[in-house]
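Data block below; observations after.
Just follow the structure's listing: the first ligand is 1, and inside any ligand the first atom is 1. Numbers for residues simply follow the sequence, beginning at 1. These numbers come from a predicted model, not from an experiment.
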Amino acid sequence: MTVKLERRNGIAVVTIDNPPVNALGRAVREQLWSLVGELDDDASVRAVVLTGAGKLFVGGADITEFDRPVEPPGLPELIARIEAAAKPWVAAIRGVALGGGLEITLGCRFRVATADARLALPETTLGIIPGAGGTQRLPRLIGIDHAIQVVAENLTLGGARAIELGLVDRLVDEPLVDNAEVFAHEVLTRPLPAPVSHRPLAKADPVLLQEAETRIRRAARGAAAPPLALAALRFGLDHGFAAGMANERAVFLDLRASPEAAALRYLFFAERAALRPPDLRGVTSLPVGRVGVVGGGTMGVGIAAALRNADLPVVLVERDAASLARGMDALRAVRKKGRLSEQEAKGWIGGVTGAVGYEALADCDLVIEAVFEDLAVKRAVFAELGRICRPDAVLATNTSYIDPRLIAEGLPEPGRFIGLHFFSPAQVMKLLEIVPTPATRPEVLATAFDLARRLAKIPVRSGICDGFIGNRILRRYRAAAEQLLRDGAAAAAIDRAMRGFGFAMGPFEMQDMAGLDISFLYREAARARGETVPETPGDLLVRAGRKGQKTGGGWYDYAPGDRTPQPSSEAARILAPMLAPPQTLAPEAIVERLLAAMAAEGQAILAEGIAAIPTDIDLVEVHGYGFPRRRGGPMFQASRAANRT
Ligand code: CAA
Ligand code: NAI
């Protein structure tokens, strides 16, 4: 049984025991449905305590059911039945009560929680809105302004805040159920409060609603669910509980069947699966207590910050005192952006030991190299690391393009070597490409995945190829965008189409920001090696001194101190010899062409065994390259397009 019942002197304790997260799947709903009737009929029961087994109350509706039609009993009907029960129900919450898990507590007459409880309605992150009364009951308990934040802006309430707002009636200590039982006996001595759905709902300030609308639309960047969650709240304000419930359910069911929600569910499961690759099941990772970072530039600083954010002690090594001082200053600047108390900030930076020379790395369990992208420089670093580090220390490179096998050549114990490709800014970007060489030992690979988990990153394993998974697709994407340009589409039209699809920036704006010179130098190096690399439009711009924002212009012009791209007649003149006569393409056609190019590269990457499964490619794009989350990723899009035809 997934729902357990125990009778304790007048109180029935109903425990949802449905590992791993006590989700409200059909079996749970069915059992709760019949228990409401059974307990109402049981004269020995005066009140009911509803709780979850293990560390959490309820993680929500069972998301795996969302690809199928709703199976009765539905959650709204179940919650209405609990609310209408003759015996009062008391929700006893520890850990999380999320989504349907929070909604079921709103159907209870009372809520008690431990201080560590976290209550939230994260539905909008799954492309839906609450579907079982969250938008209608919550504002009746905590007021419309706070409800907006929880329902449409994904605010999580801790136990203490939930008490302040009136969502929870009492904070209790463990043992939770014993204390909930005491609470239940106590409330039975007084008249019961009205069920939540019967409570009045104060009118909202129109200015506040308008401000919320603007804020939520801006943050949603085209995602459907957050503004609709707000609209559902407003509908209830204007039309009352019953109509509000009917409207909420209709919107919920509509969104549940939407491509956006399907994409977000797909990523939800892909992200969890990514942390536990099946071939590493049973492989024990190595303990990592202290981490060395070699190179205190852009990436070294970001990596050190990510490690400190996970409370790992760091040794940061630079080549000279001036570079070390610059790196440490950069680290302090990164830290300041966090929300730490003075004491915590001291501890954060205090956990970094700066050093010149590699001796300081002797007792590190893992060392991550992030020096210049130059094979000779990197090899020299690993020669030193091989000499100084413990033979069991894991040694990693953050190279973007160099073949890790070449970097590791000559390293003693090559089984401990691995590529850990972080993305800039490394303390922010979620993606970690993990690049084992053929020699890398399974424990070392498992250690890399373990590190990703500790740093709250999304790990994706990549085989060795030029650019690994992400940069390889990026190159193809850019080439396809340049081809569109050569075919006569305007850079601004291409950028606008990709922004319309959900990217924060289009491909040309992105290049102007990052600098056109990096890929230019890369092509030049290949040409110098005798490879045939045809001239590209980007080459023309760089040769004319237009390297992007940093030179005041690239694909676009930029006014001093202003990052807004302006169409550039000079760029048009420089590029003219390479471009076909102008033509107007529909945004959908532009998006289709560029997505097809990304997916085709993804297919090639899969065929070569560089990525194991399509979801890995989508995780790389979403977490490393700004692919809009609500679109799932290029492979997800391609599979949907294939299903349509
Ligand atoms: N339904 C189905 N499976 C779920 C689930 C859910 N709601 N939540 C988690 N799982 C699964 C995960 O996929 C994972 O499965 P595997 O072990 O097979 O990979 C397993 O449960 C454990 O999940 P986590 O690794 O995430 O465990 P955690 O301890 O780190 O976190 C959690 C637990 C905080 C509950 C987290 O899983 C979470 O945030 N879950 C989703 C919460 C959510 O969005 N709920 C709203 C659902 S929608 C809803 O409720 C709509 C409605 O109103 C009707
Ligand atoms: P950077 O030029 O900002 O920093 C490199 C740092 O390494 C400099 O501070 C330099 O003083 C130091 N250094 C050089 N030789 C050293 C040595 N022998 N010992 C100790 N320190 C030494 O470069 P960045 O951008 O941080 O890149 C570092 C590595 O990360 C490169 O391999 C790069 O390809 C890779 N990378 C860069 C990304 C980016 O967006 N910048 C993204 C992902 C990977």
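Residue contact check: Asp62 has heavy atoms under 4.0 Å from atoms 1 (N), 2 (C) of ligand 1. For ligand 1 and Phe269, the ligand atoms under 4.0 Å from any heavy atom of the residue are 13 (O). Close contacts of ligand 1 with Gly99, meaning ligand atoms under 4.0 Å from a residue heavy atom, involve 46 (C), 50 (O). Interface atoms of ligand 1 facing Leu98, defined by a heavy-atom separation under 4.0 Å, are 34 (C), 39 (O), 42 (C). Under a 4.0 Å criterion applied to the non-hydrogen atoms of Phe268, ligand 1 contributes the atoms 8 (N), 9 (C), 13 (O), 40 (N), 41 (C).
Each side chain to side chain donor-acceptor pair (under 3.5 Å) pair with one or both residues in residues 128-142, not counting sequence neighbours, appears once here: Glu83-Arg137, Thr135-Glu248. Residues in residues 150-159 take part in these salt bridge (charged side-chain N to carboxylate O under 4.0 Å, His left out) pairs, two or more places apart or across chains: Glu153-Arg215.
Ranked by closest heavy atom to atom 19 (O) of ligand 1, the top entry among Glu103, Arg272, Arg276 is Arg276. Summarising the contacts of atom 54 (C) of ligand 1 with Ala61, Ala23, Ala97, Gly60, the nearest heavy atom is found in Ala61. Nearest-residue assignment for atom 22 (C) of ligand 1 (options Pro20, Ala120, Gly59; heavy-atom criterion): Pro20.
Ring-centre distance between Phe423 and Tyr625: below the 6.0 Å cut-off. Side-chain rings of Phe468 and Tyr401 stay apart, their centers remaining 6.0 Å or farther from each other.
Counting protein heavy atoms only, atom 5 (C) of ligand 1 is closest to Val21 CG2, 3.6 Å.
Formation of a donor-acceptor pair under 3.5 Å by the Glu30 side chain with backbone atoms of Ala27 is not found in this model. Between the side chain of Thr551 and the backbone N or O of Lys547 there is at least one donor-acceptor pair closer than 3.5 Å.
In terms of polar-atom proximity, defined here as any N/O pair under 3.5 Å, Gly100 does make such a contact with ligand 1. For ligand 1, the polar-atom distance check finds an N/O of Ile63 within less than 3.5 Å of one of the ligand's N/O atoms.
Not counting sequence neighbours, the partners of Ser285 by the side-chain contact (heavy atoms from CB on, under 4.5 Å) test are Ala446, Thr447, Asp450.
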Could you go through ligand 2 and note, for every N or O atom, any protein N or O atom closer than 3.5 angstrom, writing the atom names and distance to 0.1 Å, or 'none'?
| from | atom 1 | to | atom 2 | distance (Å) |
| --- | --- | --- | --- | --- |
| ligand 2 | 3 (O) | Thr298 | N | 3.0 |
| ligand 2 | 3 (O) | Thr298 | OG1 | 3.2 |
| ligand 2 | 9 (O) | Gly297 | N | 3.4 |
| ligand 2 | 9 (O) | Glu318 | OE2 | 2.5 |
| ligand 2 | 11 (O) | Glu318 | OE1 | 2.8 |
| ligand 2 | 11 (O) | Glu318 | OE2 | 3.2 |
| ligand 2 | 11 (O) | Arg319 | NE | 2.7 |
| ligand 2 | 11 (O) | Arg319 | NH2 | 3.4 |
| ligand 2 | 18 (N) | Tyr358 | OH | 3.2 |
| ligand 2 | 19 (N) | Tyr358 | OH | 3.1 |
| ligand 2 | 21 (N) | Glu318 | OE1 | 3.4 |
| ligand 2 | 26 (O) | Thr298 | N | 3.3 |
| ligand 2 | 26 (O) | Met299 | N | 2.8 |
| ligand 2 | 30 (O) | Asn398 | ND2 | 2.9 |
| ligand 2 | 32 (O) | Val371 | O | 3.4 |
| ligand 2 | 32 (O) | Glu373 | OE1 | 2.5 |
| ligand 2 | 32 (O) | Lys378 | NZ | 2.6 |
| ligand 2 | 34 (O) | Glu373 | OE1 | 2.8 |
| ligand 2 | 34 (O) | Ser400 | OG | 2.7 |
| ligand 2 | 36 (N) | Ser400 | OG | 3.1 |

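Under the 4.0 Å distance rule, the nearest protein heavy atom to atom 16 (P) of ligand 1 falls inside the cut-off. The nearest protein heavy atom to atom 44 (O) of ligand 1 is closer than 4.0 Å. At a distance under 4.0 Å, no protein heavy atom can be found next to atom 27 (O) of ligand 1. Distance remark: protein heavy atom not present below 4.0 angstrom from atom 31 (O) of ligand 1.
Side chains of Tyr266 and Asp67: a donor-acceptor N/O pair is absent below 3.5 angstrom, by distance only. Judged purely by distance below 3.5 Å, without hydrogens or angles, the side chains of Asp320 and Ser323 pair a donor atom with an acceptor atom. With hydrogens and angles left out, the side-chain atoms of Thr114 and Asp116 include a donor and acceptor closer than 3.5 Å.
Pro122 counts as a contact of ligand 1, since one of its heavy atoms falls under 4.0 Å from the ligand.
Other residues, nucleotides and ligands contribute more than 12 heavy atoms inside 6.0 Å of the CZ atom of Arg629.
No side-chain heavy atom of Leu121 sits under 4.5 Å from any side-chain heavy atom of Leu98.
In this structure, CG on Leu307 lies 12.0 Å from CZ on Arg290, to the nearest 0.5 angstrom.
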For Phe417 and Phe382: C-alpha separation, side-chain torsions, deciding distance, then whether ring-ring contact (aromatic ring centres under 6.0 Å, His included) applies. CA-CA 10 Å; Phe417 179 85; Phe382 280 95; 5.2 Å; yes

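Counting heavy atoms closer than 4.0 Å to ligand 1, residue Leu126 contributes side-chain atoms (C-beta onward) but none from N, CA, C or O.
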